[in-house]
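Working notes, beginning with the structure itself.
So that the names make sense, note that chain A is the first sequence line, chain B the second, and so on, each numbered from 1.
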Protein chains: 2
Amino acid sequence: MSQVTIQALAKELNLSKSTVSKALKDSHEISVETKERVLRMAKLLQYKPNPYASSLRRKKSNTIAVVIPEVADSFFSQAIKGIEEIAQTKGYHVLIYLTYENSEKEKKILEDVQSGRVDGVLMSVSSETSSTEHIDVLHAAGLPLIFFDRTIQKITTDKVRTDDYESGYQAARHLIERGCKHIAFLSISSHLDIDNNRLNGYKAALTDYNCAVSEKMIVLCTNNAAENYDILLQLMKKKQRPDGAIASVEKLITPFYLVCRKINLSIPADVKVIGFSNLATAQILQPPLTTITQPAFEMGKTAAAILFKALEKRNYSWREEDVIIRSELIIRDSTDMK
Amino acid sequence: MSQVTIQALAKELNLSKSTVSKALKDSHEISVETKERVLRMAKLLQYKPNPYASSLRRKKSNTIAVVIPEVADSFFSQAIKGIEEIAQTKGYHVLIYLTYENSEKEKKILEDVQSGRVDGVLMSVSSETSSTEHIDVLHAAGLPLIFFDRTIQKITTDKVRTDDYESGYQAARHLIERGCKHIAFLSISSHLDIDNNRLNGYKAALTDYNCAVSEKMIVLCTNNAAENYDILLQLMKKKQRPDGAIASVEKLITPFYLVCRKINLSIPADVKVIGFSNLATAQILQPPLTTITQPAFEMGKTAAAILFKALEKRNYSWREEDVIIRSELIIRDSTDMK
DNA sequence: CTGAAAGCGCTAACAG
DNA sequence: CTGTTAGCGCTTTCAG
């Protein structure tokens, strides 16, 4: 707790605290020598302005909230890095909130955040979130809110996302070109636009290339690792098992590989697979994984940049930007011909 | 920004703000029916107490800082999860600061954090940090500080770490038992106690099992991915190349695998490798990686728990705890015989 | 049981 | 160029 207040500093200098305050802010209405005196003394006494007193007065916290489903995922880790990096240069502080894919938690967090604790919010919605009213409320409160990655289309806000539809299309087309006939789409949520967009891209590619779209090939997974393993095991043990698969989310990759190993399916000979993933280890997997790699770091950075731009403006109005940063298909052995 | 203040709420209820304040805190000196009225109206008006006004008055922020070198690493991701989870249950807020392994940044962050912004700090020191004075200062300021994972032995603080010496010993012994004669130790820092402890464990095992300890086998890597690749490539191209390796840090694993592939060294036939790592993908690598797996989530949780316990006490005194949570050797194919 | 008043540390009019 | 004053929204004595 900082003991030395601006009052103490002023007293030491025989100045008023307002003069000291202005001097510390390098105000033009203070003489150069006074500024120097103040700065020197501030350093000497190790004066640290109390941020909350300042926030209270200025009605500005210089803090943002990052609300995400989880952190043990390389996408969000990299996104956080992008956000934190730019926040640091702008002198902002970053509060992290995890929703654990739970809509109730998300709601609570968003309520709390309206207290004035933060100047703005960066968010990637939880997979369980279907209703949007808790977001509308925050929105109505006038708090700048930027969605990144997992956006909600129908809410009017700035968004930073990737080309999910095209990526889904590209992934499916790649598998078709590599000879797959029955391509499974492994999804994590039927609510998330991001998943639906990828799914729609996948369906469009199948249709364009005269492959039947079968509901049986669209597999909804959960947030539970053990359950996912079972779901994938059931899928791959079927007679009519897929010969290609698209994992729409990173955490399905490990169970998918394990299931294939368990039942002696060879990747890519028996089944080819593409993962939406930012894993550094994709290239050293057995076999190396073909990925749709998202620009996670850039997305975090861009979302933060848009937020800070908004915060610097006087009257912020919604939905100024809908930025799309392209993902990249990186072909590796998991989709090799035979 | 919350528009409805406690004043407005009081006016609406024809009560004084002090009564309302007490009622909201469920004070015993307020009648039950008044409490109910207040609570109902608070809900109706969507009253959100301004946290900074409260913090200013109470000199307590209900916020902690987590200061770590990076986040795109599965150890820290999981640790954050552990921290956040318990913070959420305790009603605390979590500020994230990344040092990028840079001692200067770390210093700046710790200075800022003394402003009263947080009630305590959880920290894992940067690999560049050798001097400790910036930590002493924070320490002297009386701000509770808990180290986790990357601790500094000589600083008196609560610590949560893993059994690094034993892990290093165990890793080396395992490689010796699997027939390795020339075991490299891939380190990231010569300052970090954590690295030195692992290194010392490694050395002790070599000595105990009559293997020569050679300085040439102790390889100092950097924080730059490209550089690390080159360093490892040079190492493995030598005539006297190692037939076993211990990666003391997760990020060296991918370059190590890539180098081996590049120069056609087979893992484990030509060289066996163990990684200190929490990677979910360890089991599906080519080949599956033998790991020393740290209890990252538990370490984060424990560190946070100790901090909160400290915050609840009146007069906190240092170095009450030095908790060691054991890591686990998980044997996989990368250290197979032949 | 309720209210009046003071003040946390800072900033921003407004005077001088 | 410097100082006085008021107040951000809340909590906490201390009276009533």
Side-chain angles (χ1 to χ4, degrees), chain A residues 1-39 41-42 45-63 91 93 112 114-119 141, chain B residues 1-39 41-42 45-63 91 93 112 114-119 141:
Chain A
M1 196 64 42
S2 80
Q3 300 293 20
V4 33
T5 68
I6 202 170
Q7 185 65 273
L9 187 54
K11 199 168 165 188
E12 198 68 33
L13 289 158
N14 284 316
L15 288 169
S16 74
K17 54 180 182 166
S18 52
T19 304
V20 173
S21 175
K22 285 171 193 159
L24 290 169
K25 304 234 138 37
D26 199 23
S27 160
H28 59 274
E29 43 178 334
I30 303 293
S31 74
V32 179
E33 55 176 330
T34 302
K35 280 182 193 169
E36 278 173 1
R37 275 185 67 213
V38 170
L39 254 34
M41 185 60 82
L45 299 187
Q46 303 214 62
Y47 169 68
K48 303 264 178 359
N50 181 313
Y52 297 145
S54 169
S55 291
L56 180 58
R57 183 64 234 245
R58 293 185 304 127
K59 295 185 172 305
K60 181 134 183 358
S61 65
N62 283 287
T63 304
H93 299 259
D112 181 283
Q114 287 170 59
S115 62
R117 190 182 293 281
V118 301
D119 298 336
Chain B
M1 198 62 42
S2 79
Q3 299 294 19
V4 33
T5 69
I6 200 170
Q7 185 65 273
L9 186 55
K11 198 167 166 187
E12 199 68 32
L13 289 157
N14 283 315
L15 288 169
S16 74
K17 55 180 182 166
S18 47
T19 303
V20 173
S21 175
K22 286 170 192 161
L24 290 170
K25 304 233 138 41
D26 199 23
S27 161
H28 60 274
E29 43 177 335
I30 302 292
S31 72
V32 179
E33 57 176 329
T34 303
K35 279 182 192 169
E36 278 173 3
R37 275 186 66 214
V38 170
L39 254 34
M41 185 59 81
L45 299 187
Q46 301 214 61
Y47 169 68
K48 303 263 177 357
N50 181 312
Y52 296 145
S54 170
S55 291
L56 180 58
R57 183 61 234 246
R58 294 185 307 126
K59 295 187 172 304
K60 179 126 180 12
S61 65
N62 283 288
T63 303
H93 300 260
D112 180 285
Q114 287 170 59
S115 62
R117 189 182 294 280
V118 301
D119 297 336

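In the helix from C:dC1-D:dG16 to C:dG16-D:dC1, the terminal helix axes, each the rotation mapping four pairs' C1' atoms onto the next four within five end pairs, subtend 40°, rounded to 10°.
Note on A:K25: every side-chain N or O is 4.0 Å or more away from OP1 and OP2 of C:dC10. At least one side-chain nitrogen or oxygen of B:S21 sits closer than 4.0 Å to the OP1 or OP2 atom of D:dT11. Note on B:S31: every side-chain N or O is 4.0 Å or more away from OP1 and OP2 of C:dC1. An OP1 or OP2 oxygen of D:dC10 is reached within less than 4.0 angstrom by a side-chain nitrogen or oxygen of B:Y47.
Each of C:dC8, D:dC10, C:dT2 was ranked by its minimum atom distance to the side chain of B:S54; first place goes to D:dC10. Proximity note for A:T19 (side chain, C-beta onward) versus D:dC8, D:dG3, D:dA6: the nearest is D:dG3. Out of D:dC8, C:dG9, D:dT11, the shortest distance to the side chain of B:K59 is found at C:dG9.
Applying the side-chain contact (heavy atoms from CB on, under 4.5 Å) test to B:S18 and every residue at least two apart in sequence or in another chain returns B:S16. A search for side chain to side chain donor-acceptor pair (under 3.5 Å) contacts involving B:R37 returns nothing, not counting sequence neighbours. Annotation: side-chain contact (heavy atoms from CB on, under 4.5 Å) contacts of B:E29 (sequence neighbours excluded): B:K22, B:S27.
Considering only heavy atoms from C-beta on, A:Y47 stays 4.5 Å or farther from A:L39 through its side chain. Put simply, the side chain of A:S54 does not reach to within 4.5 Å of the side chain of A:P49, judged on heavy atoms. With a 4.5 Å cut-off on side-chain heavy atoms, B:L24 and B:K35 do not count as touching. Counting heavy atoms from C-beta outward, B:N50 and A:Y52 have side chains that stay 4.5 Å or more apart. Contact check for B:T19 versus B:T34: side-chain heavy atoms found under the 4.5 Å cut-off.
Between B:R117 and A:S61, the closest heavy-atom pair is NH1-O, 4.3 Å.
Between A:K60 atom NZ and C:dT11 atom P the separation is 13 Å, expressed in whole Å. Distance CG (A:N14) to P (D:dT4): 12 Å, rounded to an integer number of Å. One can place CZ of A:R57 at 8 Å from P of D:dC8, the figure rounded to the nearest angstrom. A straight line from CD of A:E36 to P of D:dT2 spans 12 Å, rounded to a whole angstrom. Atom CG of B:D26 is separated from atom C1' of C:dC1 by 15 Å (rounded to the nearest Å). As a whole-Å value, the separation of A:N50 CG from D:dG9 P is 17 Å. Rounded to whole angstrom, the span from the CG atom of A:L24 across to the P atom of C:dT11 amounts to 8 Å. Straight-line distance from the CG atom of B:L56 to the P atom of D:dT11: 11 Å, rounded to whole Å.
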Got a list of side-chain donor-acceptor pairs under 3.5 Å for residues 6-14 of chain B, not counting sequence neighbours?
none

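At the heavy-atom level, B:S55 lies nowhere under 4.0 Å from the strands shown.
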Which protein N or O atoms sit under 3.5 Å from an N or O of nucleotides 13-16 of chain C?
none

